[in-house]
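The basis for the numbers below is simple: all heavy atoms, side chains too, and nothing from hydrogens, waters or symmetry mates.
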Amino acid sequence: MKNIINFILFQAGWFACILFAAKDKAWYGITIILAIVAIHVALTRPKLNEFRLYFYTVLIGLLFDTLMRGFELITYEDAISPHPIAPIWILSMWLLFAITIRHSLYWLNSYKIGQVMLGLIGGPLAYIAGEKLGAVTLYETSLYFLALGWGVITPALFYWDKK
């Protein structure tokens with residue numbers, strides 16, 4: 001049941017954050033995600049190594065999305081973060097993704113191909129949905145870099161989680 005709640009809260013947080021970012025009210029989305037993470041922590045009582053996973057996921061997200069923004073492969077619709085740094089709202093979404101790795105996505109733990117496929121397909125699809133909802137702008141080559149990045153990052157996060 002906790003995994004179902006984890007999945008539902010992830011989806012709700014993702015949509016809220018994207019919609020608020022698109023309306024230049026990113027702090028509302030960030031606040032919702034922080035509340036979801038707090039609920040998750042209260043329900044699951046994670047150990048220190050899970051908090052490390054959260055930290056590393058956000059750090060990787062900062063590096064990846066800052067590179068995407070810096071190389072002008074993506075434009076974020078927000079007014080609260082300086083160019084070329086990844087916006088805080090996208091970093092909060094990386095944190096939101098991190099809480100799924102040991103819970104609603106746990107079933108992928110022993111399926112490396114599934115992890116890669118989730119990254120290759122799910123990562124770019126999330127950004128495409130974000131573009132359709134008005135939170136980001138993608139460019140001609142954006143999807144290739146998103147697929148490559150997420151296709152490497154997703155299994156890496158599962159690997160680091162096991163360490």
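- Side-chain heavy atoms closer than 4.5 Å link hydrophobic residues (I, L, V, M, F, W, Y) into clusters, and following such links, possibly through other members, connects Leu34 to Val58.
- The shortest non-hydrogen separation linking Val136 to Trp89 is CG1-CH2, 3.9 Å.
- The two residues Trp150 and Gly119 come nearest to each other via the heavy atoms CB-O, 3.1 Å.
- Using a 4.5 Å heavy-atom threshold, the side chains of Phe7 and Thr100 count as separate.
- Counting heavy atoms from C-beta outward, Val116 and Val152 have side chains that stay 4.5 Å or more apart.
- Note: the hydrophobic cluster containing Leu108 also contains Ile121 (ILVMFWY, side chain heavy atoms under 4.5 Å, direct or indirect links).
- In this structure, CZ on Phe10 lies 7.5 Å from OG on Ser104, to the nearest 0.5 angstrom.
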Stepwise ring pair (Phe, Tyr, Trp, His ring centres under 6.0 Å) test for Tyr54 and Phe51: CA-CA 5 Å; Tyr54 302 167; Phe51 285 109; 5.5 Å; yes

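- If you take CH2 on Trp27 and OG on Ser92, they are separated by 9.0 Å, rounding to the nearest 0.5 Å.
- A donor-acceptor contact under 3.5 angstrom links the side chains of Tyr139 and Thr75, judged on distance only.
- Paired with Ile99 under the rule side-chain contact (heavy atoms from CB on, under 4.5 Å), one option of Leu9, Ile36, Leu105, Val41 passes, and it is Ile36.
- Using a 4.5 Å cut-off on side-chain heavy atoms (C-beta onward), Leu73 and Leu138 make no contact.
- Using a 4.5 Å heavy-atom cutoff, the side chains of Phe64 and Leu146 are in contact.
- Distance check: Ile101 CD1 to Asn6 CG gives 10.5 Å after rounding to the nearest 0.5 Å.
- Screening residues 45-67 for salt bridge (charged side-chain N to carboxylate O under 4.0 Å, His left out), with sequence neighbours left out, gives Glu50-Arg102.
- The minimum heavy-atom distance between Leu143 and Pro124, with the atom names listed, is CD2-CB, 4.0 Å.
- For CD1 of Ile113, the number of neighbouring non-hydrogen atoms (other residues, nucleotides, ligands) closer than 6.0 Å is 12 at most.
- Annotation: the span from Lys25 atom NZ to Thr31 atom OG1 amounts to 13.0 Å, rounded to 0.5 Å.
- Residues Ile32 and Phe20 meet the side-chain proximity criterion, which asks for heavy atoms closer than 4.5 Å.
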Verdict with supporting geometry, Thr57 and Leu53, side-chain contact (heavy atoms from CB on, under 4.5 Å): CA-CA 6 Å; Thr57 303; Leu53 175 66; 3.8 Å; yes

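- Clustering ILVMFWY residues whenever any of their side-chain heavy atoms sit less than 4.5 angstrom apart, transitively, puts Phe158 in the very cluster that holds Trp107.
- Connection of Leu125 to Ile18 is established within a shared hydrophobic cluster, with ILVMFWY side chains joined at heavy-atom distances below 4.5 Å, either directly or through further cluster members.
- To the nearest 0.5 Å, atoms CD1 (Ile74) and OG1 (Thr141) are separated by 11.0 Å.
- Residues forming a side-chain hydrogen bond (donor to acceptor under 3.5 Å, both in side chains) with Thr137 (at least two apart in sequence, or on another chain): Glu77.
- Under the 4.5 Å side-chain contact rule for hydrophobic residues, Ile85 and Ile30 share a cluster.
- Pairing each heavy atom of Arg69 with each of Pro84, the nearest pair is CD-O, 3.5 Å.
- From Phe15, atom CZ reaches atom CG of Leu19 across 7.5 Å, with rounding to the nearest 0.5 Å.
- Under a cut-off of 6.0 angstrom, the local environment of CD in Glu72 is sparse, with at most 12 non-hydrogen atoms contributed by other residues, nucleotides or ligands.
- Contact between Trp14 and Ala126 at its shortest, heavy atoms only, is CZ2-O, 3.2 Å.
- Using bins of under 30°, 30° to 60° and over 60° for the plane-to-plane angle, the ring pair Trp94/Phe97 lands in the perpendicular bin.
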CA sep, side-chain torsions, deciding dist, call: Met117, Leu120, side-chain contact (heavy atoms from CB on, under 4.5 Å): CA-CA 5 Å; Met117 295 307 292; Leu120 282 172; 4.2 Å; yes

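- Taking every heavy atom of both residues into account, Gln115 and Pro155 meet most closely at OE1-CA, 3.4 Å.
- Judged purely by atom type and a 3.5 angstrom limit, Lys162 uses its side chain to pair as donor or acceptor with the backbone of Asn109.
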